[in-house]
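As structure tokens, the structure follows; a few thoughts come after it.
Please read all numbers here as calculations on a predicted model, not as lab measurements. Numbering of ligands and ligand atoms starts at 1, following listing order. Atoms considered below: every heavy atom in the structure, side chains included; atoms not considered: hydrogens, waters and symmetry mates.
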Amino acid sequence: MIKAVIFDLDGVIVSTDELHYQSWKKIADDENIYFDKIINHKLRGVSRMDSLNIILGYASKTYSEDEKINLATNKNDIYVELLKQLDQKDILPNVVETLKGLKSKGIFIAIGSSSKNAKPILRRIGLIDMFDVIADGNDIKHSKPAPDVFLVAAERLGVNPNSCMVVEDAMAGIKAAKNAKMIAVAVSEAKNSEIADYRLDNLKDLLLII
Ligand code: BG6
Ligand code: MG
């Protein structure tokens with residue numbers, strides 16, 4: 001029986017994809033590294049440093065650890081500046097009614113995000129108080145596809161992993177959910193995943209499967 005739903009944040013609750021893309025694009029252009037929206041898809045659900053390493057895979061030179069830290073810091077500075085434009089209009093369709101519907105069924109709701117900016121983002125879109133638990137990139141060493149962020153969320157909720165459902169838009173996130181032995185629900189870009197337990201066109205269909 002499902003007792004909790006753990007939501008990924010970026011691409012499931014809120015549309016930050018374009019802001020991540022613009023920030024990485026600036027870094028890549030300054031470094032003369034080819035970067036486009038197809039490469040950007042590979043960064044979904046992946047931590048900041050792992051994302052940088054994917055981008056640097058297209059570079060013609062190698063980067064030292066210090067250079068990598070500088071680039072990741074610069075990307076985050078640009079991203080945090082862009083986040084100032086984020087507000088309730090960026091909440092994705094059907095999110096609020098789905099969260100309210102789950103709450104009215106007595107289901108716990110949590111965030112399981114790779115982002116270290118998850119809390120400021122939730123504050124900006126006015127949803128921070130909706131969630132029973134928030135687990136994010138600050139709580140873990142190993143990012144998705146490792147199960148860690150979802151296991152932290154389940155532990156804080158006091159719910160067994162096998163009673164948790166995860167909603168994800170990233171292949172890495174679906175793998176993380178399965179690695180955590182949770183039910184994986186794919187939306188958006190993750191819908192091609194063969195290992196997801198459910199694939200939804202509309203988030204509010206979650207209320208039909210719980
Ligand atoms: C994930 C995004 O939610 O967070 C990734 O899908 C991003 O694209 C990752 O790289 C880390 O985010 P942040 O905010 O800590 O740089
Ligand atoms: Mg995501």
Side-chain angles (χ1 to χ4, degrees), residues 5-28 35-57 68-86 90-93 95 110-125 127-128 131 134-150 152-153 165-178 180 182 184-193 196 199-200 203 206:
V5 180
I6 307 173
F7 290 87
D8 173 49
L9 177 66
D10 294 302
V12 172
I13 299 290
V14 62
S15 173
T16 47
D17 289 16
E18 184 59 28
L19 306 184
H20 275 296
Y21 172 72
Q22 285 174 23
S23 337
W24 282 127
K25 180 75 179 145
K26 168 96 178 66
I27 298 295
F35 182 66
D36 61 17
K37 292 208 166 172
I38 295 170
I39 302 172
N40 191 53
H41 277 318
K42 298 185 186 174
L43 313 181
R44 274 176 195 267
V46 176
S47 73
R48 195 180 309 161
M49 220 42 185
D50 290 348
S51 297
L52 176 64
N53 282 322
I54 291 172
I55 292 168
L56 296 184
K68 287 184 185 181
I69 289 167
N70 272 336
L71 291 176
T73 305
N74 292 345
K75 183 270 175 178
N76 194 53
D77 290 345
I78 298 167
Y79 182 59
V80 167
E81 195 55 37
L82 291 176
L83 285 178
K84 290 183 182 160
Q85 33 174 288
L86 203 73
D90 299 297
I91 298 174
L92 286 162
V95 164
I111 289 288
S113 168
S114 304
S115 174
K116 294 186 173 172
N117 294 298
K119 285 185 183 159
I121 290 172
L122 285 164
R123 253 178 237 119
R124 285 207 72 84
I125 60 174
L127 289 185
I128 193 144
F131 292 92
I134 295 165
D136 66 27
N138 299 297
D139 296 309
I140 47 158
K141 273 212 188 95
H142 305 290
S143 165
K144 300 168 189 176
D148 303 27
V149 79
F150 296 137
V152 169
M165 188 174 257
V166 166
V167 186
E168 262 292 348
D169 72 317
M171 295 292 190
I174 295 288
K175 284 185 193 150
K178 295 318 298 174
M182 296 178 179
V185 179
V187 297
S188 179
E189 303 291 325
K191 270 192 304 181
N192 293 331
S193 166
R199 292 163 198 84
L200 301 184
L203 190 70
L206 252 191

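Atoms of ligand 1 found under 4.0 Å from any heavy atom of Tyr79, numbered from 1 in the order shown, are 14 (O). Under a 4.0 Å criterion applied to the non-hydrogen atoms of Arg44, ligand 1 contributes the atoms 6 (O). Near Lys116, with a cut-off below 4.0 Å to any heavy atom, the atoms of ligand 1 are 13 (P), 14 (O), 15 (O). Listed by number with element, the atoms of ligand 1 under 4.0 angstrom from any heavy atom of Gly45 are 2 (C), 5 (C), 6 (O).
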Go through the steps to decide whether Gln85 and Asp90 satisfy the test side chain to side chain contact (heavy atoms under 4.5 Å, CB included), and finish with yes or no.
-> CA-CA 9 Å; Gln85 33 174 288; Asp90 299 297; over 6 Å; no
Could you go step by step and tell me if Arg44 and Asp169 meet the salt bridge (Lys or Arg N to Asp or Glu O under 4.0 Å) rule?
-> CA-CA 8 Å; Arg44 274 176 195 267; Asp169 72 317; 2.4 Å; yes
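In terms of protein heavy-atom proximity, atom 16 (O) of ligand 1 is closest to Arg48 NE, 2.7 Å.
Few gaps surround NZ on Lys191; more than 12 heavy atoms of other groups in view lie less than 6.0 Å from it. Within 6.0 Å of NZ in Lys175 there are 12 or fewer heavy atoms belonging to other residues, nucleotides or ligands.
Residue Val187 forms a side chain to side chain contact (heavy atoms under 4.5 Å, CB included) with just one option from Leu206, Leu92, Val167, and that option is Val167.
In this pair, His20 and Tyr79 present their aromatic rings parallel. The plane angle is below 30°, not in the 30 to 60° band.
Of the N or O atoms in Asp8, none lie within a sub-3.5 Å distance of an N or O in ligand 1. Taking distance alone, with nitrogen or oxygen atoms compared against 3.5 Å, Trp24 stays at or beyond that limit from ligand 1. Taking distance alone, with nitrogen or oxygen atoms compared against 3.5 Å, Asn117 approaches ligand 1 more closely than that limit.
No donor-acceptor contact under 3.5 angstrom links the side chains of Lys26 and Asn74, judged on distance only. Side chains of Asn40 and Asp17: a donor-acceptor N/O pair is absent below 3.5 angstrom, by distance only.
Classification of Asp8 and Lys144 as a salt-bridged pair holds, one side-chain N sitting under 4.0 Å from a carboxylate O.
Considering every non-hydrogen atom in both Ser113 and Ser115, the closest pair reads OG-N, 2.9 Å. Heavy atoms only, all atoms of each residue included: Ile121 and Leu86 are closest at CG2-CD2, 3.7 Å.
Taking only non-hydrogen atoms, the option from Leu83, Asn76, Asp10, Ile121 nearest to atom 3 (O) of ligand 1 is Asp10. Counting only non-hydrogen atoms, the option in Leu43, Val46, Leu9 that gets closest to atom 10 (O) of ligand 1 is Val46.
Around the Mg ion (ligand 2), the protein N, O or S atoms closer than 2.8 Å are Asp8 OD2, Asp10 O, Asp169 OD1, listed by chain and residue number.
At a 4.0 Å cut-off, not a single heavy atom of Gly137 sits close enough to ligand 1 to count as contact. Distances shorter than 4.0 angstrom occur between a heavy atom of Ser51 and an atom of ligand 1.
Scanning for ring pair (Phe, Tyr, Trp, His ring centres under 6.0 Å) contacts around Phe35 gives Tyr21, with sequence neighbours left out.
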